[in-house]
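Contents: one structure, followed by commentary.
In this chain, numbering begins with 1 at the start of the sequence shown. Hydrogens, waters and symmetry mates are skipped; everything else that's a heavy atom, side chains included, is used.
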Amino acid sequence: MKAVSLLGSTGSIGKQTLDVVRQHPEAFHITALTAHRNRKLLLEQINEFQPKIASITRKEDAEWLKTNIDATTIIFNDTEGLLAAASEESAEVVLNALVGSMGLLPTCHAIQAGKTLALANKESLVAGGSLVMKLAKLNQVDLLPVDSEHSAIFQCLRGEKSSQLSRIILTASGGPFRTLSKAVIETTDPSAALKHPNWSMGQKITVDSATMMNKGLEVIEAKWLFNLKTDQIDVLVHPESIIHSMVEFMDTSVIAQLGQPDMRVPIQFALTYPDRYQLDAPRLDLSALAQLNFEKADIDRFPNLRLAFQAMEIGKTMPCVLNAANEKLVPHYLERKVSFYQMADLIESIMSHHVPFDYDSVEAIHEVEQWVEGQVNELIR
Ligand code: NDP
Ligand code: MG
């Protein structure tokens with residue numbers, strides 16, 4: 001039985017991870033759960049999975065849980081609780097399904113505790129990639145991608161020599177604004193950005209998909225996970241989200257991983273790796289689909305993608321600035337305080353005012369993020 005610590009259990013990835021665990025009671029058990037605000041759902045999860053520990057951000061919610069749980073679970077709160085879950089002694093694998101770069105500290109903590117890390121929280125790698133990879137190497141822990149594109153690439157590269165890889169091709173659905181003109185995108189109500197054509201996900205990543213910042217973050221995530229140079233990463237829009245990504249080798253051979261868009265597949269693979277287990281999920285029927293479509297990514301209509309490549313090329317703390325500016329701006333966009341293209345303009349402006357430097361601690365990253373927050377607040381005002 002593999003003991004799993006699940007950070008962010010009340011979110012989209014968190015709930016789907018518990019679905020996978022429910023399908024394999026003989027293989028997995030949950031040893032830690034964490035949530036931020038949703039105490040009601042966390043209570044249900046604790047009662048069902050009976051973890052050793054659980055944590056929620058606010059102290060009053062932790063107290064409420066203590067008086068209502070029907071389990072011997074020890075309840076923690078705040079960052080201390082999150083880190084306790086990330087390094088819980090009995091956990092063999094930590095699945096980080098937190099949203100945003102606040103996931104970086106628990107990511108580093110889990111690695112330093114020697115845990116295998118199944119990583120959905122891409123912002124960890126975007127903000128602190130060099131630190132995360134350095135710690136993973138130092139502590140000899142496996143980083144297993146949960147993001148569907150990165151899981152696809154990871155699967156395509158099994159048994160291959162990285163020196164023989166030419167490039168990777170990250171597929172992108174193009175999001176809900178894929179076919180709209182710039183003028184229409186700019187005047188479309190932000191609520192439309194929350195309606196993704198293929199995937200049901202948390203609010204932040206859904207907006208990131210509409211702006212294509214999600215693909216930009218994934219480009220940087222891929223750079224770190226697969227040790228790639230900028231010119232080895234291509235993005236291809238593929239509206240059906242059936243091909244989850246591809247790799248091309250030096251002999252021009254291309255290998256792709258396909259499947260229905262269902263996050264439980266990459267989640268389960270990260271948990272069962274290097275094995276594969278049965279999964280009760282819809283199967284792919286290509287004859288029913290009849291056709292798959294592809295188009296070039298348009299960096300004019302989706303400038304965030306261009307900014308992400310730029311930040312990656314500059315390196316050091318620049319991807320952290322890109323990510324932090326985006327994280328701070330997405331809620332302002334949803335509240336209609338900034339428009340779609342103002343978001344990209346503000347990210348670009350903040351990047352232009354940052355002097356990137358090499359970092360070697362989470363604190364250094366947090367300081368940069370605080371500076372970005374100040375910049376966003378000033379510019380919004
Ligand atoms: P959600 O917003 O649905 O869930 C986020 C989780 O993190 C929730 O459990 C939430 O708790 C918790 N959380 C939020 N803020 C904090 C905080 N400040 N402190 C502690 N916990 C917090 O996000 P998703 O599941 O959609 O995404 C999670 C990660 O996975 C992201 O990095 C995303 O990019 C990545 N990802 C997601 C995919 C998807 O299909 N959803 C696909 C590929 C990658 P609560 O709900 O209790 O407030
Ligand atoms: Mg993805």
Inset, instruction - Would you list the pairs meeting side chain to side chain donor-acceptor pair (under 3.5 Å) in which at least one residue belongs to residues 129-142, sequence neighbours left out? - result: S130-Y359
Legend entry - Check: A113 main-chain N/O paired with H109 side-chain donor or acceptor under 3.5 Å: no
Mind listing the side-chain donor-acceptor pairs of residues 7-26 below 3.5 Å, one per line with the distance, residues two or more places apart or on another chain?
| from | atom 1 | to | atom 2 | distance (Å) |
| --- | --- | --- | --- | --- |
| S9 | OG | T34 | O | 3.2 |
| S9 | OG | Q45 | OE1 | 2.7 |
| S12 | OG | Q16 | NE2 | 3.3 |
| S12 | OG | S200 | O | 3.4 |
| Q16 | NE2 | S12 | O | 3.2 |
| T17 | OG1 | I13 | O | 2.8 |
| D19 | OD1 | R22 | NH1 | 2.9 |
| R22 | NE | E48 | OE2 | 2.7 |
| R22 | NH2 | E48 | OE1 | 3.0 |
| Q23 | OE1 | D280 | N | 2.8 |
| Q23 | NE2 | D280 | O | 3.3 |
| H24 | NE2 | Q268 | OE1 | 3.0 |
| H24 | NE2 | Q278 | O | 3.0 |

Throw together a table of side-chain donor-acceptor distances under 3.5 angstrom for residues 371-381, partners on residues two or more places apart or in other chains.
| from | atom 1 | to | atom 2 | distance (Å) |
| --- | --- | --- | --- | --- |
| N377 | ND2 | E373 | O | 3.4 |

Legend entry - Lys/Arg N to Asp/Glu carboxylate O, K52 vs E89, below 4.0 Å: no
Inset, instruction - With sequence neighbours left out, write down each residue that passes salt bridge (charged side-chain N to carboxylate O under 4.0 Å, His left out) with K115, or none if nothing qualifies. - result: none
Legend entry - CE/M250: more than 12 non-hydrogen atoms of other groups inside 6.0 Å: no
Inset, instruction - Please check if atom CZ in R283 has more than 12 non-hydrogen atoms from other residues, nucleotides or ligands closer than 6.0 Å. - result: no
Inset, instruction - Count the heavy atoms of every other residue, nucleotide or ligand shown that sit under 6.0 Å from CG of N227, and state whether that count exceeds 12. - result: no
Inset, instruction - Quick one: which residue pairs count as a salt bridge (charged side-chain N to carboxylate O under 4.0 Å, His left out) with a foot in residues 152-169, not counting sequence neighbours? - result: R167-D234, R167-E248
Inset, instruction - Only counting residues at least two apart or in another chain, list the ones meeting salt bridge (charged side-chain N to carboxylate O under 4.0 Å, His left out) with E327. - result: none
Legend entry - Check ion pair K182-E186 (N to O, under 4.0 angstrom): no
